[in-house]
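Step one of this worksheet: look at the structure below.
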Number of protein chains: 2
Amino acid sequence: MADVNPVLLDEQLCFSIYSASKKFNHFYQSALAPFGLTYPQYIAMLVLWEKAPLTVHQLGERLELDSGTLTPLLKRLEKQGWVTRVRSQTDERQVLIHLTEMATTKRDEVYSRIGQCQTLLGMSSEEIDSMMTELVTVKQQLDTVSNDRLITKEVDRVN
Amino acid sequence: MADVNPVLLDEQLCFSIYSASKKFNHFYQSALAPFGLTYPQYIAMLVLWEKAPLTVHQLGERLELDSGTLTPLLKRLEKQGWVTRVRSQTDERQVLIHLTEMATTKRDEVYSRIGQCQTLLGMSSEEIDSMMTELVTVKQQLDTVSNDRLITKEVDRVN
DNA sequence: GACAATTTAATTGTATACAATACATTGGAA
DNA sequence: TTCCAATGTATTGTATACAATTAAATTGTC
């Protein structure tokens, strides 16, 4: 353990991203307060507004969330009148998430609100594209290294 | 509500960041499994390894977390032997977080492990610097727009 | 020097995340 | 046809996050 470099918080990309993620969530959650949507609820609605109905599994694939997170989240969305949860007729294991009339009605109001937020942020599409491209690269790397279930052994081997 | 643009999940920078953040947390949490540290616990240790003792408040400023999150997190770190929580003599309102001997001993092992993870990710310092610079800009914008408590009114005014 | 305003942690309540488990259903193999 | 592995959802348990409240200690002001 002779040649070890210190790990400084301010130099960690992970923390920069972690911190930005929390700020974004807070930003949109505030902006959507009039609709009573939390950030995860909002992105779930985004997916459903693109295409509904979807099964819990399909929704989870888009959001990268599992049923342990989605089941209670969707129950809250149902209680607040955004969606209905219906057991599939053709496959009783599946639960189909449908939009309510209220959700369809409010869609454009939410879209509009988000559009205004994006304007406020004042980022050019070039800036946004550039960041998203870089993020895709990082995420691919993280997936590759993580899905490689050898991560523990790989790291140990470097020792 | 005539001229509303659809909001597509895959075009949202916030989701890209949110998703990357979760992947990073999972990546480091796996890598640190031998130490039993979660990601938030790990970044708390990073700060304390830079400078300890710190009050809960000082730690929270660095991590952008409040006592509602930190108090239970620090109790878990204490239970696992990484830190001690000591009521300040000079100001009884404050709780000082000290490193244990074990934490000091294990510091370089953790630093080394993280260094290996960074190597596995294979990003150049230029790539990392570029992303972090862009993230700083986004975060500043989010802070500016959020701290501006007029956000709701501003947005409404656009209507 | 009393005391209201402020500061600091802790607590409470709600909402994610996610691993692990349980459970029902389904589709296919024997 | 019967059984079994796979699939899809729900549940359980642990650990964040964070707003709001409480409680204790300190400070500024007269």
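Proteins come first, then strands; the chains are lettered A, B, ... in the order of their sequence lines, and each starts at number 1.
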**Q.** Rounded distance (nearest 0.5 Å) linking atom CD of Gln94(B) with atom NE2 of His57(B)
**A.** 9.0 Å

Q: Measure the CD-CD1 distance between Gln118(A) and Ile114(A) for me, rounded to the nearest 0.5 Å.
A: 7.0 Å

Q.
Here's a test of your reading of the structure: between Arg76(B) and Leu74(A), which maps to the more 5' nucleotide of DNA chain D?
A. Leu74(A)

(Q) Below 4.0 angstrom, which residues in residues 53-73 of chain A have at least one non-hydrogen atom near DNA chain C? (A) Glu64(A), Leu65(A), Asp66(A), Gly68(A), Thr69(A), Leu73(A)

Q: Answer with yes or no whether Arg93(A) presents, from its side chain, a donor or acceptor under 3.5 Å of a partner atom in the base of dT25(C).
A: yes

Q. Any link between Leu135(B) and Leu8(A) through a network of hydrophobic side chains (Ile, Leu, Val, Met, Phe, Trp, Tyr) touching at under 4.5 Å?
A. no

Q) Should the pair Phe15(A) and Tyr18(A) be assigned to parallel (<30°), tilted (30 to 60°) or perpendicular (>60°) ring geometry? A) tilted

Q | Strand contacts (DNA chain C) in residues 10-18 of chain B, 4.0 angstrom heavy-atom criterion | A | Tyr18(B)

Q) Which value, rounded to the nearest 0.5 Å, describes the distance between Ile17(A) atom CD1 and Lys22(A) atom NZ? A) 14.0 Å

Q) CD of Gln58(A) to CG of Leu96(A): how many Å apart, nearest 0.5 Å? A) 7.5 Å

Q) Would you say the side chains of Ser19(B) and Glu64(A) form a donor-acceptor pair under 3.5 Å? A) yes

Q: Calculate, to the nearest 0.5 Å, the distance between atoms CG and CG belonging to Leu37(A) and Leu77(A) respectively.
A: 7.0 Å

Q: Using whole Å, report how far CG of Asp91(A) lies from P of dG27(C).
A: 6 Å

Q) At under 4.0 Å between heavy atoms, what does Ser21(A) touch on the DNA or RNA strands: base, sugar-phosphate, or nothing? A) nothing

Q: Using the heavy-atom set of chain B and a strict 4.0 Å cut-off, write down the first and last nucleotide of DNA chain D that makes it in, 5' to 3'.
A: dA15(D) to dT26(D)

Q) Side chains of Gln116(B) and Ser112(B): is there a donor and an acceptor less than 3.5 Å apart? A) yes

